[in-house]
Amino acid sequence: MLDAVCRVEGQAEKTYSVFTFQRLSEQEIEALRQQLYCPVCDGKAYFRKASRDGKAACFGSRYHQVDCSEFNPSASRKQEEQDALEVNQQLLESDALKIDFSMPLRRKSQPAQQAQTRQAQAEQAQAEGVQSPKGSYLANAESKAETKTESESQPKGSPEPKVATQGLQKLLHSLLRGSDLASSDLWVYTDDKYRWRAKNLFVNFADAEPNERHAPRMYWGTISHADKALLWLNPADCKDVGIPIEEVKDELCKKYDIQQREDLEGAGIILFGKCFWNKDKTRKIIQLWNKDLSRLHLVKAED
């Protein structure tokens with residue numbers, strides 16, 4: 001996008017061109033970049049600075065309406081839409097869904113390879129039948145009391161439920177593209193013991209609220225920017241949430257090829273973590289659960 005609407009409480013709405021916005025001082029950009037919206041559909045927007053490798057500065061949004069004239073779906077965006085359809089189908093056809101945190105990320109491959117992979121997966125699923133959820137997540141004492149409330153065991157003698165399996169990559173894509181996942185009543189397992197209703201598990205950053213038990217949730221949304229030292233991520237969805245990454249910074253940067261802070265601007269992200277207040281109760285902190293990077297997925301904005 002070449003233009004974005006900026007709304008600051010108590011001030012008149014202003015439309016910036018990317019050329020004007022990038023000429024603002026660094027302090028002004030940092031103050032305004034979380035107040036940006038698409039001028040056509042009003043979707044929450046982000047600003048990405050010009051990068052060292054020649055990528056031009058731009059505005060963007062992961063929340064365009066389908067009929068928005070600014071929405072120009074690329075191959076990767078079309079893939080996100082396909083993922084959203086796939087997840088929606090699982091919501092309709094399954095009794096429950098299990099998150100596979102170890103599921104490999106999808107890489108670009110030839111159509112023939114993709115077809116062979118799908119066929120192999122279908123044959124394996126048919127041979128194995130429907131399996132009960134299995135996993136390795138062990139909750140600490142802080143979260144057990146609350147998660148058990150929604151984690152009742154299956155009644156004895158009940159038929160084996162149809163449990164779908166999905167990785168973080170497709171779950172994030174489906175949430176970003178507006179699937180029904182975030183409002184679904186479907187049971188979602190994070191391992192073989194704990195389950196939540198999907199509508200209680202998947203929480204957009206704008207709706208994040210600290211809880212005394214520090215019970216984990218799947219938090220998701222779009223990154224506005226990182227700090228200069230790449231120690232904190234700031235969501236575009238709201239201004240009062242911060243995500244500390246200092247303890248996983250090196251591993252995160254290596255896994256997602258992050259060379260500079262601009263690489264994170266406009267990225268989609270989902271992470272299994274806990275939400276709590278900072279010391280002064282002025283900012284909500286969302287911390288990755290057990291510093292386990294397999295519980296986080298990030299998709300960088302398109303070039």
Side-chain angles (χ1 to χ4, degrees), residues 4 18 21-36 44-63 76 101 105 168-169 172-173 175-176 203-206 208 210 216-280 282-303:
V18 70
F21 196 83
Q22 68 179 342
R23 289 198 298 268
L24 297 177
S25 69
E26 186 169 346
Q27 184 177 0
E28 289 176 306
I29 289 176
E30 295 300 308
L32 299 177
R33 66 192 310 164
Q34 289 175 284
Q35 319 282 344
L36 301 173
K44 200 74 176 68
Y46 61 84
F47 170 70
R48 190 176 68 188
K49 294 181 181 178
S51 62
R52 297 169 191 167
D53 58 359
K55 296 170 187 170
C58 67
F59 292 121
S61 175
R62 290 186 170 275
Y63 304 108
S76 60
F101 292 102
L105 303 183
L168 289 183
Q169 186 177 47
L172 174 59
H173 287 169
L175 290 164
L176 291 172
V203 181
N204 183 261
F205 293 130
R217 296 288 185 267
M218 296 295 313
Y219 296 99
W220 66 277
T222 303
I223 298 171
S224 168
H225 62 289
D227 69 322
K228 292 182 180 180
L230 275 176
L231 303 180
W232 288 85
L233 303 179
N234 301 290
D237 311 78
C238 52
K239 298 182 293 181
D240 60 348
V241 170
I243 306 167
I245 59 169
E246 181 176 7
E247 295 178 315
V248 296
K249 172 184 172 181
D250 293 341
E251 187 182 355
L252 179 71
C253 290
K254 181 179 180 181
K255 182 175 182 179
Y256 293 102
D257 190 26
I258 298 166
Q259 305 293 330
Q260 54 195 355
R261 64 189 293 238
E262 287 78 13
D263 292 337
L264 289 163
E265 293 169 355
I269 186 172
I270 186 170
L271 70 151
F272 188 61
K274 58 183 178 181
C275 180
F276 55 93
W277 287 110
N278 64 356
K279 183 178 179 181
D280 299 325
T282 57
R283 190 167 174 81
K284 302 168 189 175
I285 310 300
I286 294 179
Q287 188 174 66
L288 179 64
W289 193 261
N290 289 339
K291 307 172 191 176
D292 184 354
L293 204 59
S294 70
R295 264 60 173 168
L296 179 153
H297 180 68
L298 183 147
V299 54
K300 293 193 289 187
E302 298 167 8
D303 298 341

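What you see is a predicted model, and the numbers here were worked out from it, not measured in a lab.
- Between His173 and His297, the ring planes lie perpendicular to each other; the angle is over 60°, past the 30° to 60° tilted range.
- The ring pair (Phe, Tyr, Trp, His ring centres under 6.0 Å) search around Tyr219 returns none, not counting sequence neighbours.
- Arg295 places no side-chain N or O within donor-acceptor distance of the main-chain N or O of Phe101, the cut-off being under 3.5 Å.
- Side chain of Lys300 to main chain of Asp257: a donor-acceptor pair is present (N/O by atom type, distance under 3.5 Å, no hydrogens or angles).
- Remark: the backbone N or O of Cys275 is not paired with any side-chain donor or acceptor of Lys284 at under 3.5 angstrom.
- Rounding to the nearest 0.5 angstrom, the gap separating the CG atom in Leu252 from the CG atom in Leu233 is 7.0 Å.
- Applying the 6.0 Å contact sphere to CD of Glu247 captures no more than 12 heavy atoms from other residues, nucleotides or ligands.
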Passes side chain to side chain contact (heavy atoms under 4.5 Å, CB included), Leu231 versus Lys249? Steps please. CA-CA 7 Å; Leu231 303 180; Lys249 172 184 172 181; 4.3 Å; yes
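- The closest side-chain heavy-atom distance from Tyr256 to Asp263 is not below 4.5 Å.
- Asn234 contributes no side-chain N or O that, together with a main-chain N or O of Ala226, makes up a donor-acceptor pair within less than 3.5 Å.
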Side chain to side chain contact (heavy atoms under 4.5 Å, CB included) assessment of Arg261 paired with Lys49: CA-CA 10 Å; Arg261 64 189 293 238; Lys49 294 181 181 178; 3.5 Å; yes
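- In plain terms, the two heavy atoms of Ile286 and Ala208 that are nearest each other are CD1-CB, 3.9 Å.
- Between atom CZ of residue Phe59 and atom CZ of residue Arg48 there is a gap of 12.5 Å, rounded to the nearest 0.5 Å.
- Note that the CG atom of Leu288 and the CD1 atom of Ile243 stand 9.5 Å from one another [nearest 0.5 Å].
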Taking it one step at a time, do Phe272 and Leu168 satisfy side chain to side chain contact (heavy atoms under 4.5 Å, CB included)? CA-CA 10 Å; Phe272 188 61; Leu168 289 183; over 6 Å; no
Determine, step by step, whether Lys254 and Leu293 satisfy the side chain to side chain contact (heavy atoms under 4.5 Å, CB included) criterion, reporting the C-alpha distance in whole Å, the side-chain angles of both residues, the deciding distance to 0.1 Å, and the verdict. CA-CA 12 Å; Lys254 181 179 180 181; Leu293 204 59; over 6 Å; no
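- When all heavy atoms of Gln34 and Ser224 are compared, the pair lying nearest together is CG-OG, 3.4 Å.
- Under the 3.5 Å distance criterion, the side-chain polar atoms of Arg283 are left unmatched by any main-chain donor or acceptor of Asn278.
- Separating the CD atom in Gln260 from the CD atom in Glu265 is a distance of 8.5 Å, to the nearest 0.5 Å.
- Taking every heavy atom of both residues into account, Ser61 and Ala45 meet most closely at CB-CA, 4.1 Å.
- The heavy-atom pair separating Lys44 from Leu36 by the smallest distance is NZ-O, 3.7 Å.
- Heavy-atom minimum distance, Gln287 versus Phe276: CB-CE2, 3.8 Å.
- Atom CD1 of Ile270 is separated from atom CZ of Phe205 by 8.5 Å, given to the nearest 0.5 angstrom.
- A distance-only check finds a donor-acceptor pair linking the side chain of Asn204 to the backbone of Ala206 [under 3.5 Å].
- Among pairs with a residue in residues 218-239, those fulfilling salt bridge (charged side-chain N to carboxylate O under 4.0 Å, His left out) read Glu26-Lys228, at least two apart in sequence or across chains.
- To the nearest 0.5 Å, the span separating OG on Ser294 from CD on Glu251 amounts to 9.0 Å.
- In this structure the side chain of Ile223 never reaches within 4.5 angstrom of the side chain of Tyr46, judged on heavy atoms.
- Within the 4.5 Å cutoff, side-chain heavy atoms of Thr222 are placed close to those of Leu176.
- The shortest non-hydrogen separation linking Trp220 to Leu172 is CB-CD1, 4.5 Å.
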